[in-house]
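Accompanying notes for the structure given below.
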Amino acid sequence: MKKIAACFILTCSLALLNACGEEKPLLTSTDYDLDAETAQTIRGVKIGDGSDAFLAAYKDYDILSSVDGGDYRFLSPEEIPFDKSLTTILPSFFVDGAAVEIDAFCEDNEIEKDALLSFLTDEAYLEHHAVVYQYLVFEWENGAITDIRSESMDYNKDASYYNSSAQDFAASAKS
């Protein structure tokens, strides 16, 4: 189960790395907080809400979407088919507690986007930096949110596991 979850996250991460277009604002770590009793986001989105509430809160951010269990990809808010079986994710990397703008981070560290995961999970980098991948997951059916989860992956806790999973994922993607 852990391996499936890691591959899912890595899929999302790779999709995030390949996103292009206009620069989007960054979510903060508190944007990933959920009220434990109501499962409501800090921006007021809750189970049962529709696309209007979701887009009012998150339309300016990168949104990964999976329609009917398909691959995750970035869709503009106008393209997201909220009336289908859908999962939307709001992902962010945080380095030393600060959200990372991918293009600027890669440029500042002189790395290519496709090398970002390897860079962030490298033992030498993790000796000096805290790296966390956070994401809000919204499950949709018939135009309404049916579940909201806030999840994260702390790369400092077990980077070797994520590196192994990344290699497994890359190998499976080639075949």
Side-chain angles (χ1 to χ4, degrees), residues 1-34 41-43 57-67 69-77 79-80 86-138 148-175:
M1 184 66 170
K2 275 182 116 178
K3 194 168 196 170
I4 293 170
C7 286
F8 169 78
I9 300 306
L10 290 171
T11 300
C12 295
S13 299
L14 292 173
L16 176 65
L17 298 179
N18 292 322
C20 57
E22 63 191 59
E23 188 174 316
K24 301 279 187 173
L26 301 174
L27 293 168
T28 67
S29 61
T30 58
D31 285 315
Y32 292 92
D33 293 342
L34 290 178
T41 71
I42 197 164
R43 293 174 180 251
Y58 299 112
K59 72 176 179 209
D60 293 331
Y61 300 93
D62 284 326
I63 303 169
L64 278 166
S65 300
S66 169
V67 181
D71 291 338
Y72 283 88
R73 56 194 177 109
F74 285 96
L75 297 175
S76 69
E79 295 176 306
I80 300 172
L86 174 72
T87 302
T88 55
I89 298 176
L90 296 159
S92 293
F93 280 105
F94 289 85
V95 175
D96 299 330
V100 171
E101 196 285 312
I102 301 297
D103 289 331
F105 185 85
C106 289
E107 185 176 315
D108 292 346
N109 290 283
E110 299 177 350
I111 58 172
E112 297 294 322
K113 283 185 188 180
D114 61 357
L116 181 63
L117 283 175
S118 296
F119 184 85
L120 291 175
T121 58
D122 183 81
E123 287 181 39
Y125 187 77
L126 293 172
E127 285 179 19
H128 302 286
H129 300 282
V131 179
V132 177
Y133 179 65
Q134 287 188 273
Y135 48 103
L136 276 173
V137 181
F138 297 84
I148 302 172
R149 298 181 311 280
S150 179
E151 300 179 2
S152 66
M153 224 190 303
D154 185 336
Y155 285 16
N156 294 78
K157 289 188 178 176
D158 192 3
S160 63
Y161 174 79
Y162 302 116
N163 279 331
S164 171
S165 295
Q167 291 169 357
D168 291 347
F169 176 77
S172 69
K174 289 181 181 178
S175 30

Discussion item. With rounding to the nearest 0.5 angstrom, report the CG to CG distance, Leu27 to Asp62.
Written reply: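 CG of Asp62 is found 9.0 Å from CG of Leu27.
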
Discussion item. Which label fits Tyr155 and Phe93: parallel for a plane angle under 30°, tilted from 30 to 60°, or perpendicular past 60°?
Written reply: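 Taking Phe93 first and then Tyr155, their aromatic rings stand perpendicular (interplane angle over 60°).
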
Discussion item. Would you call the rings of Phe105 and Phe119 parallel, tilted or perpendicular, taking 30° and 60° as the class edges?
Written reply: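 It falls in the perpendicular class, over 60°.
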
Fill in: Residues in side-chain hydrogen bond (donor to acceptor under 3.5 Å, both in side chains) contact with Thr28, at least two apart in sequence or another chain
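By the side-chain hydrogen bond (donor to acceptor under 3.5 Å, both in side chains) rule, Thr28 matches Thr30, Asp31.
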
Tell me, do [X] and [Y] make a side-chain contact under 4.5 Å, heavy atoms counted?
X	Y	result
Val137	Ile148	no
Tyr32	Ser92	yes
Ser65	Phe74	no
Ser66	Asp71	no
Leu75	Ile63	no
Gln134	Leu90	no
Leu64	Pro91	yes

Worksheet entry | Residues which pass side-chain contact (heavy atoms from CB on, under 4.5 Å) with Leu26, listed by chain and number, not counting sequence neighbours |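 Leu26 satisfies side-chain contact (heavy atoms from CB on, under 4.5 Å) with Ala99, Glu101 only.
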
Worksheet entry | Criterion ring pair (Phe, Tyr, Trp, His ring centres under 6.0 Å) on Tyr58 and Phe138, from CA distance to verdict | CA-CA 12 Å; Tyr58 299 112; Phe138 297 84; 5.7 Å; yes

Worksheet entry | Exam field: side chain Asn156 to backbone Leu126, donor-acceptor pair closer than 3.5 Å |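 Yes: the side chain of Asn156 pairs with the backbone of Leu126.
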
Fill in: Heavy-atom closest contact (Arg43 atom, Ala57 atom, distance)
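So the minimum-distance heavy-atom pair works out to NH1-O, 3.3 Å.
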
